[in-house]
Amino acid sequence: MAVLTGKRAARTRQSLLAAGFDLLVDRPLDAIPIDDVVSAAGVAKGSFFNHFVDKGGFATAMAAEIRLELEARISKANDDVGDPLARLAGGMQVAVEFALQERKRTIALLRSSSSATSQDHPLNQGVKADIQASISAGLLRKEAAATGVLFWLGLCQVMMANIAEHNITRSAAAGKLHEMLVLGLTGLGAEEPSAKKIAHHASQILLTSSTT
């Protein structure tokens, strides 16, 4: 019975999160009453507070679920990549791919009020490690040590927002990815020829990857 109860609770939680993802496509979180969330999820209002303290906790849970999924995709894509600059580019390419495939979840992530931007946040350890490795290898300027994570996350979020808001084509997204990677990598201190080569490779992967 305990297992059944656990499964039921998990289904309720997922129903609430799914409702939040749907509602955030049209409205910011502040404009969404809890009553609308539970109505869309088809559960009692008390169920919301069994899982979340308030709307702030609800936003944190939605953002965390999407970020975990996104980070898992990035880790898989970078599994056999050794070059830390290519890994940074791979992360942005996966973020753009996610925005193309998962528009609703992308908008929910960007509209939630709890984006994890600290370089010490567990979800940012991959970016932090790649930037530190790049600095150690002499590939980036030393200033990237303090604010490189924030800089890179900002670029990725802006790219995702642009794609989700304008619903652009894969070809256009590949072009934007190439340009942003060149600007971003050189902004961090990478040599322009290397940045352009990495950007071309990442944009080609995006251009030819499946949309399913």
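Please read all numbers here as calculations on a predicted model, not as lab measurements. One-based numbering along the sequence shown.
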K.L.:
Between Arg87 and Ser134, do the side chains contain a donor N or O and an acceptor N or O under 3.5 Å apart?
P.N.:
no

K.L.:
Under 3.5 Å, side chain of Lys55 to main-chain N/O of Leu29, donor-acceptor pair present?
P.N.:
yes

K.L.:
If you round to the nearest 0.5 Å, how far is CG of Leu155 from CG of Leu177?
P.N.:
11.0 Å

K.L.:
Test your reading of the model: is there a side-chain donor-acceptor pair from Ser203 to the backbone of His200, 3.5 Å cut-off?
P.N.:
yes

K.L.:
Please determine whether side chain to side chain contact (heavy atoms under 4.5 Å, CB included) holds for the pair Leu24 and Met62, giving the CA-CA distance in whole Å, both sets of side-chain angles, and the decisive distance to 0.1 Å.
P.N.:
CA-CA 10 Å; Leu24 275 170; Met62 284 192 291; 3.4 Å; yes

K.L.:
Would you say the side chain of Leu110 lies within less than 4.5 Å of the side chain of Glu165, judging by non-hydrogen atoms?
P.N.:
no

K.L.:
What ring pair (Phe, Tyr, Trp, His ring centres under 6.0 Å) pairs are there with at least one residue in residues 21-49, not counting sequence neighbours?
P.N.:
Phe48-Phe52, Phe48-Phe58

K.L.:
Name all residues meeting the side chain to side chain contact (heavy atoms under 4.5 Å, CB included) criterion together with Ala137; count only those two or more places apart in sequence or in a different chain, and write none if there are none.
P.N.:
Leu139

K.L.:
Sequence neighbours excluded, which residues qualify as side chain to side chain contact (heavy atoms under 4.5 Å, CB included) partners of Ile168?
P.N.:
Asn162, Ile163, His166, Ala172, Ala173, Lys176

K.L.:
Short question: side chain of Arg141, backbone of Gly187 - any donor-acceptor pair under 3.5 Å?
P.N.:
yes

K.L.:
As a quick check of understanding, evaluate side chain to side chain contact (heavy atoms under 4.5 Å, CB included) for Glu97 and Arg170, giving each step before the final call.
P.N.:
CA-CA 9 Å; Glu97 180 70 59; Arg170 179 170 292 270; 2.8 Å; yes

K.L.:
Can you tell me how far the CZ atom of Arg13 sits from the CG atom of Asn50, to the nearest 0.5 Å?
P.N.:
12.5 Å

K.L.:
Could you pull out the closest heavy-atom pair between Ile107 and Ala164, with the gap in Å?
P.N.:
CG1-CB, 3.8 Å

K.L.:
When rounded to the nearest 0.5 angstrom, what is the spacing between CD1 in Ile32 and CG in Asp26?
P.N.:
8.5 Å

K.L.:
Do you know the tightest heavy-atom contact between Val38 and Ala44?
P.N.:
CG1-O, 4.0 Å

K.L.:
Out of curiosity, Cys156 SG to Ile74 CD1, how far, rounded to the nearest 0.5 Å?
P.N.:
7.0 Å

K.L.:
With the side chain counted from C-beta on, respond yes when Asn124 and Arg67 share a heavy-atom pair under 4.5 Å apart, and no when they do not.
P.N.:
yes

K.L.:
What I'd like to find out is whether the side chain of Leu207 reaches to under 4.5 Å of the side chain of Gln204, using heavy atoms alone.
P.N.:
yes

K.L.:
Should we count CD of Glu69 as having more than 12 external heavy atoms under 6.0 Å?
P.N.:
yes

K.L.:
Is the count of non-hydrogen atoms from other residues, nucleotides or ligands lying under 6.0 Å from His51 atom NE2 greater than 12?
P.N.:
yes

K.L.:
Do Leu185 and Met92 make a side-chain contact, defined as non-hydrogen atoms from C-beta onward lying under 4.5 Å apart?
P.N.:
no

K.L.:
Give, for atom CG of Leu88 and atom CG of Asp130, the distance between the pair rounded to the nearest 0.5 Å.
P.N.:
5.0 Å

K.L.:
Within a strict 4.5 Å, meaning less than it, do heavy atoms of the His201 and Gln93 side chains meet?
P.N.:
no

K.L.:
Please report the shortest heavy-atom distance between Leu188 and Ala144, naming the atom on each side.
P.N.:
CD2-CB, 3.9 Å

